[in-house]
2 protein chains.
Amino acid sequence: MEASDGHFTRQTGPTDFLARLSSADARDLIQASQRKLFARNEFIFKAGDPGRHVYFLQQGRVKICQPAPEGKDVILWFCFTGDMFGMAEVARGGGRVVHAQACEASEVLVLSQNELTDYLKTHSAAALPIMQVLADRLRALGDVVVNLINDDAQTRIIKLILRLATRHGIRVGQDIHLNIHLTHQEIADMVGTTRQTASSVLGHLKRQGLMRLENRRIRIDSMELLDEMTNST
Amino acid sequence: MEASDGHFTRQTGPTDFLARLSSADARDLIQASQRKLFARNEFIFKAGDPGRHVYFLQQGRVKICQPAPEGKDVILWFCFTGDMFGMAEVARGGGRVVHAQACEASEVLVLSQNELTDYLKTHSAAALPIMQVLADRLRALGDVVVNLINDDAQTRIIKLILRLATRHGIRVGQDIHLNIHLTHQEIADMVGTTRQTASSVLGHLKRQGLMRLENRRIRIDSMELLDEMTNST
DNA sequence: TCCAGAATGTCGGCTGGCCGACAGACATGG
DNA sequence: CCATGTCTGTCGGCCAGCCGACATTCTGGA
């Protein structure tokens, strides 16, 4: 068991892009870019915007979600300190297809497309980490797709929690804390169910003592037991 | 390569990686890599393999699918002539999580991880097209996720067909031909339904004169009408 | 050319989970 | 510290789509 639902290792998170750059490359990136601040819930960009900038999250938390016709936005992933986002549209061209919204007050570095290509010309070693981030997300989305296709609502929710825990969880004593403010509605939207179903599944898990929600933040009591529920019931 | 210029948005296919390289870069890539042939249905790699090589499809068609616990493989996407695949694991490290299987006799260029990094050092302009390919797939998977979450079976199937047509369709007279051999089962697996439901939806569409299946290959009579069915019924 | 194995068409029963509805519990900013 | 709007728990009715089963058609390899 090596891949998707395995156990977690790095604290820096597999998503910490900035940490992967050499310190010289990171310094130059900071120098080449412009610093910007965003308030909680503010949009950094929205679907439909031109999309000529890449962002690096220096501090804070950002939610990437893709709007669907009837206002049902789907949360694709979260960005944490060190993460890069907005890259896809810059590389590929065309406008934004997703929103990027600050979950809390956040500080980002902004680089225009031209600045990025210039930077890459002189810092070719930075290309690989970028590919890594993209590759990593590709794999994560692949898992999501498989999950959506094969699993029932309860399993989807459990696997979502495990995915988040693996990527963003912090061990606190016996527990694992997820420092993401999530409503049942948002969980449902990430997993393709209704709020009601999500509520009932989460209630069920809570009653089994597998996890809690404290102030809309997930606390996991036992990854192992949660994982087991995946193949049964 | 050609995919003749009809009324289509993008011709060369957004997926044609090799076409995006400068001719010098492409030449060097071919020189640095090793040529390999695969028979129809042969696996180029399987989930669990080490995954230290990138592949460039010179000729043929390759199916990328991710295995799920109970043997229900999910087809994530297809690669056509000029496409790159196997990049994600090379960039990210870790074993393969997907299978790559030749849909027909295919010819690929193989590059080891080291050869790739060496190549990128001397051909830094090639980094951007790689990012483009990854970004493009990321976006495609995002669409799939939203589609899976929001739409019912019929709409999912129609949108799948439209996606494939947009990316890989070839205009032939009034029709658009999709040169991909697909069984109902495979369509169902891409879209998260059962074979029976897929059969019935496809039968329905055929009866409406919106599309046909000739020798397991999709022929679309009217993209417009198909598209309309997306928002109704 | 022929034939076995694969793919398709279709039916009915059954159920997971959607939908609407509402009461109670928070949490947050004034 | 309170009020209000948001979030959570839970219920019952209902239906899209799953499942199993079967007959029929197709097709690709020998």
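A, B, ... follow the sequence lines: proteins, then strands. Residue 1 opens every chain.
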Practice task
Please report, rounded to the nearest Å, how far the P atom of D/dT6 is from the CG atom of A/L182.
Solution key: 19 Å
Problem - Interatomic distance, B/R217 CZ vs D/dG28 C1' [rounded to whole Å] - result: 12 Å
Fill in the blank from the handout: Rounded to whole Å, NE2 of A/H204 lies from P of D/dG9 at a distance of 14 Å
Exercise for the section: Report the relative orientation of the aromatic rings in A/Y55 and A/H53; use parallel for angles under 30°, tilted for 30 to 60°, perpendicular for over 60°. Expected result: tilted
Exercise for the section: Could you encode protein contacts along nucleotides 19-30 of chain C as a string, one character per nucleotide from 5' to 3', using B for base contact, S for sugar-phosphate-only contact and - for no contact, with a heavy-atom cut-off of under 4.0 Å? Expected result: BBB-----S---
Problem - A/D49 and A/R96 ion-paired at < 4.0 Å - result: no
Practice task
State whether A/K63 and A/E186 are salt-bridged, where the test is any N-O pair (Lys NZ or Arg NE/NH1/NH2 against Asp/Glu carboxylate O) under 4.0 Å.
Solution key: yes
Exercise for the section: To the nearest Å, give me how far apart CG (B/L202) and P (C/dA7) are. Expected result: 15 Å
Exercise for the section: Would you indicate, yes or no, if C/dT8 has its OP1 or OP2 atom less than 4.0 angstrom from a side-chain nitrogen or oxygen of B/K206? Expected result: no
Problem - C/dG9 phosphate, OP1 or OP2, under 4.0 Å from B/H184 side-chain N/O - result: yes
Handout entry: Whole angstrom value for the distance that separates C1' of D/dT8 from CZ of A/R207
Key = 12 Å
Exercise for the section: Side chain of A/T183 only, please: which of D/dC18, D/dC7, C/dT10 is the nearest? Expected result: D/dC7
Fill in the blank from the handout: Walking DNA chain D from its 5' end, the first of B/G192 and B/N41 to be reached, judged by nearest nucleotide, is B/G192
Handout entry: Polar side chain donor-acceptor pair, B/T194 to B/T197, under 3.5 angstrom
Key = yes
Handout entry: Nucleotide D/dG9, atom C1' - distance to CG of A/L205 in whole Å
Key = 15 Å
Exercise for the section: May I ask you to say what B/T193 touches in the nucleic acid, namely base, sugar-phosphate or nothing, with a heavy-atom cut-off under 4.0 Å? Expected result: sugar-phosphate
Practice task
Round to the nearest Å and state the distance from B/I157 atom CD1 to D/dG17 atom P.
Solution key: 9 Å
Problem - Cationic N near anionic O, under 4.0 Å, B/R92 to A/D136 - result: yes
Practice task
Establish, with yes or no, whether the OP1 or OP2 oxygen of D/dC18 is under 4.0 angstrom from a side-chain nitrogen or oxygen of B/T197.
Solution key: yes
Exercise for the section: Looking at every strand, decide which applies to B/R156 at a 4.0 Å heavy-atom threshold: base, sugar-phosphate, or nothing. Expected result: nothing
Practice task
Evaluate the side-chain proximity of A/R139 to A/V144: yes if any heavy-atom separation is below 4.5 Å, no if none is.
Solution key: no
Exercise for the section: Could you tell me whether A/D143 and A/R163 have a side-chain N and a carboxylate O separated by less than 4.0 Å? Expected result: no
Problem - Atom-to-atom span, CD of B/E186 to P of C/dA7 - whole angstrom - result: 8 Å
